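This report refers to the structure that appears directly beneath it.
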2 protein chains.
Amino acid sequence: MIDFEKIKILYQFGKNLNSNDLKVLINSAKKVSFSTNENLINEGETKKEIYFITKGLVRAYINTEKGDEITSEIYQENKVLASKDIILFNRPSRFNFEALEDTQAYFIDFSLMEQIISNNIKLQESRKQIYQNILKDSLFRLDSFILLTPEERYLEFVKENPNIINRVPNKYIANLLGITPVSLSRIRKRIVTKKK
Amino acid sequence: MIDFEKIKILYQFGKNLNSNDLKVLINSAKKVSFSTNENLINEGETKKEIYFITKGLVRAYINTEKGDEITSEIYQENKVLASKDIILFNRPSRFNFEALEDTQAYFIDFSLMEQIISNNIKLQESRKQIYQNILKDSLFRLDSFILLTPEERYLEFVKENPNIINRVPNKYIANLLGITPVSLSRIRKRIVTKKK
DNA sequence: TTTTGAAGTTAACAAAAGATAATTAATGAT
DNA sequence: ATCATTAATTATCTTTTGTTAACTTCAAAA
């Protein structure tokens, strides 16, 4: 029996899937749910797993030596989520991935996926696309650290992520921007008074 | 006639090349030289080209609206260099790529390379590797902006790039770290006095 | 050798950010 | 509806950074 939602999701991943590989991918993709505050991936985890978020919101955060949490990323609907430590660096995840809202996702074992991909040139194109997109995001963010002030960085973030702003605490946004929550609060005030 | 240096270079790119594709790549790769201060790629350029640096040092810098140059990256020997604007974002390069020393590189037309890669599954693995490496660098740098202070960031940079430190002006390093040259100078002084 | 210019440091001041704590606002649980 | 928590703001103070300009070093060019 065919699950059309799955197909829709996987379509994003690979636009040129042949029906065979599509089937394998569909069968290996499992639908999973997480309630608010639940972790998709825990610090220390090594299992190679990839999630496609269909609903909800997830943050990645790290526990620093000083004893506080720093949020490094926020994932929303239709995004691919994975621990880059595990997948790219081949080491235990330094980050926790925590659902900020009730979240639904498709879960695929990365090793299996790599195996399928390695035998399918079209899928490799798709994977390239995914890597490129992650890379684009990273580079965009890097530019903002080098070229913009924290205030400009915040304004850009709001502009680029108007939907996220109202769904997550500002302290997480502050972390993403590389500043403290107190400083973000001041920046926000500064922006308001400037407008007048 | 076979150019062994070319092969050695290309070997890094693709460890599983078959002899046919290897030949095509070798024939399309041209050896190019740049003297100090010469640009490999100019702002506004749109030609898709990739360089493998075999000798020398190159910086990417952008001319900001305020009228100053900000150095965003430094490429050294055995690194793949390309304008990410052109290759990834499909837009004219915002950055100039300037040789900081007399530089030698292999030059390959990216479109041709893509064409060759798209027909060779082994090469796609190699390309994945390249994307992964660029991604790793970006993520590593991003972490440093989120998790470290400018001073810690500088210390990490020195640790990770001991060879670059003595080859480029500090003002470029300051840009890479997202701070001003004056501030970097103070940080360096602070580090020295701390040690005593 | 002298000169010229760029890089690096230092100084002085203003602006911004970090740290800590108190206060207020908002949220969720009972 | 009240209470308890957590987030956000504000205040105060310290530290750091940005800005501008002067000064010093150093290296390359004349």
Side-chain angles (χ1 to χ4, degrees), chain A residues 35-38 57 59 61 63-71 74 98-102 144-158 164-196, chain B residues 35-38 57 59 61 63-71 74 98-102 144-158 164-196:
Chain A
S35 35
T36 308
N37 295 330
E38 203 177 338
L57 209 58
R59 72 168 178 132
Y61 72 92
N63 289 305
T64 67
E65 297 155 2
K66 292 166 200 156
D68 35 30
E69 293 178 356
I70 301 290
T71 297
I74 290 179
E98 179 195 52
L100 296 175
E101 303 173 355
D102 290 349
S144 81
F145 278 108
I146 293 171
L147 301 173
L148 305 180
T149 63
E151 180 169 334
E152 293 167 330
R153 213 145 62 226
Y154 173 69
L155 288 170
E156 185 179 273
F157 184 90
V158 173
I164 289 184
I165 287 290
N166 302 310
R167 290 166 72 188
V168 309
N170 280 328
K171 56 178 184 169
Y172 297 159
I173 309 287
N175 288 163
L176 295 180
L177 301 173
I179 58 178
T180 61
V182 177
S183 190
L184 176 56
S185 181
R186 283 187 293 229
I187 287 172
R188 283 157 50 82
K189 189 179 183 183
R190 218 151 60 204
I191 292 169
V192 172
T193 49
K194 266 184 192 170
K195 277 187 178 167
K196 291 175 182 171
Chain B
S35 34
T36 308
N37 296 328
E38 204 178 338
L57 208 56
R59 72 169 178 133
Y61 71 92
N63 289 306
T64 68
E65 297 154 1
K66 292 166 199 154
D68 35 31
E69 292 179 357
I70 302 289
T71 297
I74 291 179
E98 180 195 52
L100 297 175
E101 302 173 355
D102 290 348
S144 80
F145 279 108
I146 294 172
L147 301 173
L148 305 180
T149 63
E151 181 170 332
E152 293 167 330
R153 212 145 63 228
Y154 173 68
L155 288 170
E156 185 179 273
F157 185 90
V158 173
I164 289 184
I165 287 291
N166 302 312
R167 290 165 73 187
V168 308
N170 280 328
K171 57 178 184 168
Y172 298 159
I173 309 287
N175 289 164
L176 295 180
L177 301 174
I179 58 178
T180 61
V182 177
S183 190
L184 176 56
S185 180
R186 283 186 293 226
I187 286 172
R188 283 158 49 83
K189 190 178 183 182
R190 220 153 57 206
I191 292 169
V192 173
T193 48
K194 265 184 194 170
K195 276 187 180 168
K196 290 175 186 172

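Computed over heavy atoms, backbone and side chain alike; hydrogens, waters and symmetry mates excluded. Throughout, a chain's letter reflects where its sequence line sits, starting with A, and its residues are numbered from 1. Just so you know, these numbers come straight off a predicted model, no measurement behind them.
To the nearest 0.5 Å, atom CD1 of residue A/Ile173 and atom CD1 of residue A/Ile187 are 12.5 Å apart. Taking CD1 of B/Ile165 as the reference point, atom CG of B/Asn170 lies at 7.0 Å (rounded to 0.5 Å). A distance of 10.0 Å separates CD of A/Glu98 from CD of A/Glu38, quoted to the nearest 0.5 Å. Here the CG atom belonging to B/Leu57 is positioned 5.0 Å from the CG atom belonging to B/Leu100, to the nearest 0.5 angstrom. Going from atom CD1 of B/Ile74 over to atom CD1 of B/Ile164 covers 5.5 Å, rounded to the nearest 0.5 Å. The CG atom of B/Asp68 lies 12.5 Å from the OH atom of B/Tyr61; values are rounded to the nearest 0.5 Å.
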Checklist outcome for this item: With sugar-phosphate taken as primed atoms, P, OP1 and OP2 and all else as base, the protein-contact string of nucleotides 21-30 of chain C at under 4.0 Å (heavy atoms; B, S, -) is ----------

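If you measure from atom CG of A/Leu184 to atom C1' of D/dA7, you get 12 Å, rounded to the nearest angstrom. Rounded to an integer number of Å, the gap from CG of A/Asn170 to C1' of D/dT10 is 15 Å. Counting to the nearest Å, the C1' atom of D/dA8 and the OH atom of A/Tyr172 are 13 Å from each other. Nucleotide D/dA7 holds its P atom 18 Å from the CZ atom of A/Arg167, rounded to whole Å. Atom pair A/Lys171:NZ and D/dA7:P shows a separation of 3 Å (rounding to whole Å applied). Straight-line distance from the OH atom of A/Tyr154 to the P atom of D/dA8: 10 Å, rounded to whole Å. Atom CD1 of B/Ile191 is separated from atom C1' of D/dT16 by 14 Å (rounded to the nearest Å). The distance from atom CD1 of A/Ile187 to atom P of D/dT9 is 12 Å, rounded to the nearest whole Å.
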Next on the checklist: Using side-chain contact (heavy atoms from CB on, under 4.5 Å), reason through B/Tyr154 and B/Ile179 one step at a time and then give a plain yes or no.
Outcome noted: CA-CA 10 Å; B/Tyr154 173 68; B/Ile179 58 178; 6.0 Å; no

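Proximity of A/Ser183 to A/Thr180: side-chain heavy atoms (C-beta onward) are separated by under 4.5 Å at one or more points. Between A/Leu176 and B/Ile146 there is no side-chain heavy-atom pair separated by less than 4.5 Å. No side-chain heavy atom of B/Pro181 sits under 4.5 Å from any side-chain heavy atom of B/Leu184.
Closest to the side chain of B/Lys189, out of D/dA7, D/dG18, C/dT10, is C/dT10.
Proximity of a side-chain donor or acceptor of A/Arg153 to a complementary backbone N or O of A/Leu177 within less than 3.5 Å is detected. The backbone N or O of B/Arg190 sits less than 3.5 Å from a side-chain atom of B/Thr193, completing a donor-acceptor pair.
Counting only N and O atoms by type, the side chains of B/Asp102 and B/Thr36 include a donor and acceptor under 3.5 Å apart.
One finds a side-chain N or O of A/Arg190 lying less than 4.0 angstrom from the OP1 or OP2 phosphate oxygen of C/dA17. Residue B/Arg188 places no side-chain N or O under 4.0 Å from the OP1 or OP2 atom of C/dG8. Side-chain N/O atoms of B/Ser185 include none lying less than 4.0 angstrom from OP1 or OP2 on C/dG8. Contact between the side-chain N/O atoms of B/Thr180 and the OP1/OP2 oxygens of D/dT17 is not found at any separation under 4.0 Å.
In this structure, A/Ile179 reaches the sugar-phosphate backbone alone: every heavy-atom distance under 4.0 Å involves primed, P, OP1 or OP2 atoms, never a base. As judged by a 4.0 angstrom heavy-atom cut-off over every strand, A/Arg186 is placed among the base-contacting residues.
Applying the ring pair (Phe, Tyr, Trp, His ring centres under 6.0 Å) test to A/Tyr172 and every residue at least two apart in sequence or in another chain returns nothing.
Of all the residues in residues 145-152 of chain B, not one reaches under 4.0 Å from DNA chain C with any non-hydrogen atom. Contacts between residues 64-71 of chain B and DNA chain C, counted as heavy-atom distances below 4.0 Å, involve no residue at all.
With respect to the salt-bridge test (charged N to carboxylate O, under 4.0 angstrom), the residues A/Arg59 and A/Glu69 qualify.
When all heavy atoms of A/Ala99 and A/Ser35 are compared, the pair lying nearest together is CB-O, 3.7 Å.
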Pull out every protein N or O sitting under 3.5 Å from an N or O of nucleotides 28-30 of chain D, one pair per line with the distance.
none

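Fit an axis to the five pairs at each end of the helix from C/dT1-D/dA30 to C/dT30-D/dA1 and the two axes sit 40° apart, to the nearest 10 degrees.
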